[in-house]
Structure formats: C-alpha cells, structure tokens
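Report on one structure; see the data block that follows.
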Amino acid sequence: MDIDSLRSFIAFVDTGSFTRAAKQTFRTQSAISMQMKKLEEETGHALFVKEGRNLGLTEQGQHLVSYARRLVSLHDEALGHFSTHLQHPPLTIGCPDDYAESILPSIVALVRETLPQQSIRIVCDCSTQLRLMLDQGKIDVAILTRAPDAEEGYLLKHDSGVWVKGDNLQTDEPIEKQNPLSLVLYEPDCKFHSTAIDGLEKQGREYRLMCSSSSATAIKGLLRKGQGISAMARSSVSYGLSIVEDFTLPALPSVDIVLAVAPIPHPMFASHLAAEISQRFFGQNH
C-alpha cells in the first residue's frame, strides 16, 4: 500500500474531514478521493459509509486504521533512524497558553531526554489556531484539547473543568455570590467559555463578561486582582488561584488533552515518538 495514501487515510480519521485531510497533506480533495478509491481497490472492501451528511468508516475501514497507523509509524521510524546524524530544523511545538505551565514543561523535558541534540521552538495559541497550523505545516506537533468524539492525537491527560477565583480576596461576600457574576473567560472557541455562558443562561443567572482573552497569564492576573471568576481545566489552576466550591454554578465538561503530530512529520519526531512520549507523560501523572 502507498504510504502517502495511508497518511491521507489517517488524516481523515483523525480530523473527520476530507477538507482538513487535504490541507494537512497538501493535496486537493479530488486527489484524496483518488487515493481512497485506490485503497478500496487494493483492500477489496468499501472503507467508507454515509452517516447522515457525513462519512464514517465501515467495519473494514476501522480494521485498516490500525494497520495504517503501524505501517506509517514504522516507515517514519525507519527514516528517522537513518537521518539521526543529519542537521534538522527546530522541532516546533504548539501549545495553548493555559497548558504552558502545567503540561508543556514536562513534554519538552521528555522530548529532550529522547532527542538531546534537537533544538525546539514553542508557539502558543488556542487549540483551534494550532490545528490550522498543523494543517498548514507551520508546526510539527501540538498539545490540544481534543474535540468530542474525535480520534486525533495521543492521550496525555483526562482533565475536568472547574470554576476558579483569586486566593484570599478581601470582599464583603464571596465573588462567586455577587450579582451579576463577573466572568473572565478564554476566547469563545474555548469549550469552557461556551459551556459556562450556556449554563448560566439556562439557570437564568445574571452575569457580565468582564473580559475574554486567549492569554492564560492575563486571565490569571485578573483573577488574582478579584476581577471575576473563570472556567478552566483543573490542571491549569496555579499559584494565587483556588477552585470555587459552589455547586449552584453550572457544571463544566471533562476534556481530553492530547499530543497531535502533523501528518507530514518532522524528520526526528514521527508518530511512534509521540506515542512513546504520551505514554510516559500519562504514566507520570497517574
């Protein structure tokens, strides 16, 4: 089987979209369709099935995913072995700002243990923008909050959303009891932002969105000054902040944090290395 076709197949499985698979592999959608047709001819089975307006995988398509990942991983591992002594560009790692303190340092440490000579470049942005950068080949690997029901990436951590405020605030009443409730949230494309707003509106509770930002540093600074409360992943709670123990506030969702690799990987960081690092990180944190 053609490695490029298998790579395109995996890109579709991970993103759920032929459009994104085409962007990630720098091909047209018609080229992707031809690759998928060839895979179906080679396997002798239909790999895709209509599920409403979307395409899903048949049983045989699901079987192929496992083989495709192993074949592509082995191919990239072999190339990495023979290019060990060559000069390579920096490994560019994308990370949302809210995971820059809690997760990124451990990931960088694990990468450096495995690739001590490899230089690293860090790009911080929200998960949505980091996915676009992966698609465009601008970054090699990204720490992401995985979308519901998606298959992308290698699991780093199961996490849960919590309401957060500044520590030891000198106010007449707890900030979470004030009316209207002042909110300091991540940008609207953040899962916690939309869930928090939707939950408060369903409760009929008055709130004021004091500020939204993609910067965890800005949000945490505002919380420490008592400018409101926020919703974030439990692992993002750092010094000067505390979790709000108020069960009248709307419940926040659980999330999976994953390590995703560009479909055309960095010469020294293919999927097998991402899998190894995710397993080591997961083991260290459980």
Side-chain angles (χ1 to χ4, degrees), residues 1-80 127-128 130-132 134-137 140-159 191 253-266 269-283 286:
M1 293 182 184
D2 177 61
I3 288 293
D4 288 338
S5 296
L6 293 175
R7 206 183 291 280
S8 298
F9 178 66
I10 292 170
F12 165 75
V13 173
D14 286 349
T15 64
S17 163
F18 278 121
T19 301
R20 281 195 63 201
K23 289 179 180 178
Q24 287 191 348
T25 55
F26 303 100
R27 286 177 168 78
T28 63
Q29 287 194 54
S30 60
I32 297 289
S33 296
M34 290 178 63
Q35 287 181 321
M36 297 307 100
K37 184 177 180 181
K38 184 178 178 183
L39 283 178
E40 288 185 322
E41 291 173 352
E42 289 180 329
T43 60
H45 293 279
L47 302 176
F48 306 96
V49 62
K50 273 279 190 181
E51 294 179 346
R53 299 174 65 181
N54 301 316
L55 273 183
L57 295 179
T58 64
E59 183 178 354
Q60 296 301 324
Q62 291 169 353
H63 288 320
L64 181 60
V65 175
S66 175
Y67 287 109
R69 291 194 193 281
R70 282 182 280 168
L71 287 167
V72 170
S73 177
L74 189 60
H75 171 271
D76 293 343
E77 183 178 356
L79 290 182
S127 290
T128 301
L130 292 175
R131 284 188 182 90
L132 291 176
L134 280 174
D135 290 353
Q136 296 163 357
D140 303 304
V141 60
I143 299 166
L144 301 172
T145 303
R146 181 158 61 189
D149 303 320
E151 298 291 336
E152 73 176 335
Y154 297 88
L155 181 65
L156 295 172
K157 187 178 184 68
H158 296 296
D159 210 344
K191 190 175 183 180
S254 296
V255 295
D256 284 342
I257 303 168
V258 301
L259 192 65
V261 183
I264 300 177
H266 187 279
F269 200 97
S271 54
H272 71 282
L273 187 54
E276 176 188 328
I277 286 175
S278 69
Q279 289 169 4
R280 291 171 63 189
F281 181 93
F282 193 86
H286 289 80

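In Glu276, the CD atom is crowded: over 12 heavy atoms of neighbouring residues, nucleotides or ligands sit closer than 6.0 Å.
Smallest separation of non-hydrogen atoms from Val258 and Leu155: CG1-CA, 4.0 Å. Of all the heavy atoms in Leu6 and Ala68, the pair that sits closest is CD2-CB, 3.9 Å. For the pair Ile257 and Ile143, the tightest heavy-atom approach, listed with the atom from each and the gap, is CG2-CG2, 3.8 Å. Taking all atoms of both residues into account, the shortest heavy-atom contact from Ser278 to Leu156 is CA-CD2, 3.7 Å. Across all their heavy atoms, Gly61 and Phe9 have their closest contact at O-CZ, 3.5 Å. The nearest pair of heavy atoms linking Gln35 to Asp2 is NE2-OD2, 4.4 Å.
Between Arg131 and Leu144, some side-chain heavy-atom pair lies under the 4.5 Å cut-off. Side-chain atoms of Pro265 and Arg7, non-hydrogen and from C-beta on, do get closer than 4.5 Å to each other. Contact annotation: the side chain of His45 never approaches that of Thr58 to less than 4.5 Å [non-hydrogen atoms, C-beta and beyond]. Within the 4.5 Å cutoff, the side chain of Lys157 has no heavy atoms near those of the Asp256 side chain. At least one side-chain heavy atom of Ile277 sits under 4.5 Å from a side-chain heavy atom of Phe269.
Ring geometry for Phe18 versus Phe12: interplanar angle under 30°, hence parallel rather than tilted (30 to 60°).
Inspection of the Thr28 and Ser30 side chains reveals an N or O donor paired with an N or O acceptor under 3.5 Å.
Residue Asp135 holds its CG atom at 11.0 Å from CG of Leu130, rounded to the nearest 0.5 Å. Arg70 CZ to Ser271 OG: the interatomic distance, rounded to the nearest 0.5 Å, is 12.5 Å. Taking CZ of Phe282 as the start and CG of Leu259 as the end, the distance is 14.0 Å to the nearest 0.5 Å. Taken to the nearest 0.5 Å, the CG atom of Leu47 stands 10.0 Å off from the CD atom of Glu42. Between the CG atom of Leu132 and the OG atom of Ser127 there is a distance of 11.0 Å, given to the nearest 0.5 Å.
Under the 4.0 Å criterion applied to side-chain N and carboxylate O atoms, Arg69 and Asp14 are assigned as salt-bridge partners.
Proximity of a side-chain donor or acceptor of Ser8 to a complementary backbone N or O of Ile32 within less than 3.5 Å is not detected. Counting only distance, with no hydrogens or angles, the side chain of Ser66 and the backbone of His63 share no donor-acceptor pair below 3.5 Å. Distance alone, capped at 3.5 Å, is enough to place a donor-acceptor pair between the Arg146 side chain and the Glu152 backbone.
Each salt bridge (Lys or Arg N to Asp or Glu O under 4.0 Å) pair with one or both residues in residues 25-41, not counting sequence neighbours, appears once here: Asp4-Arg27.
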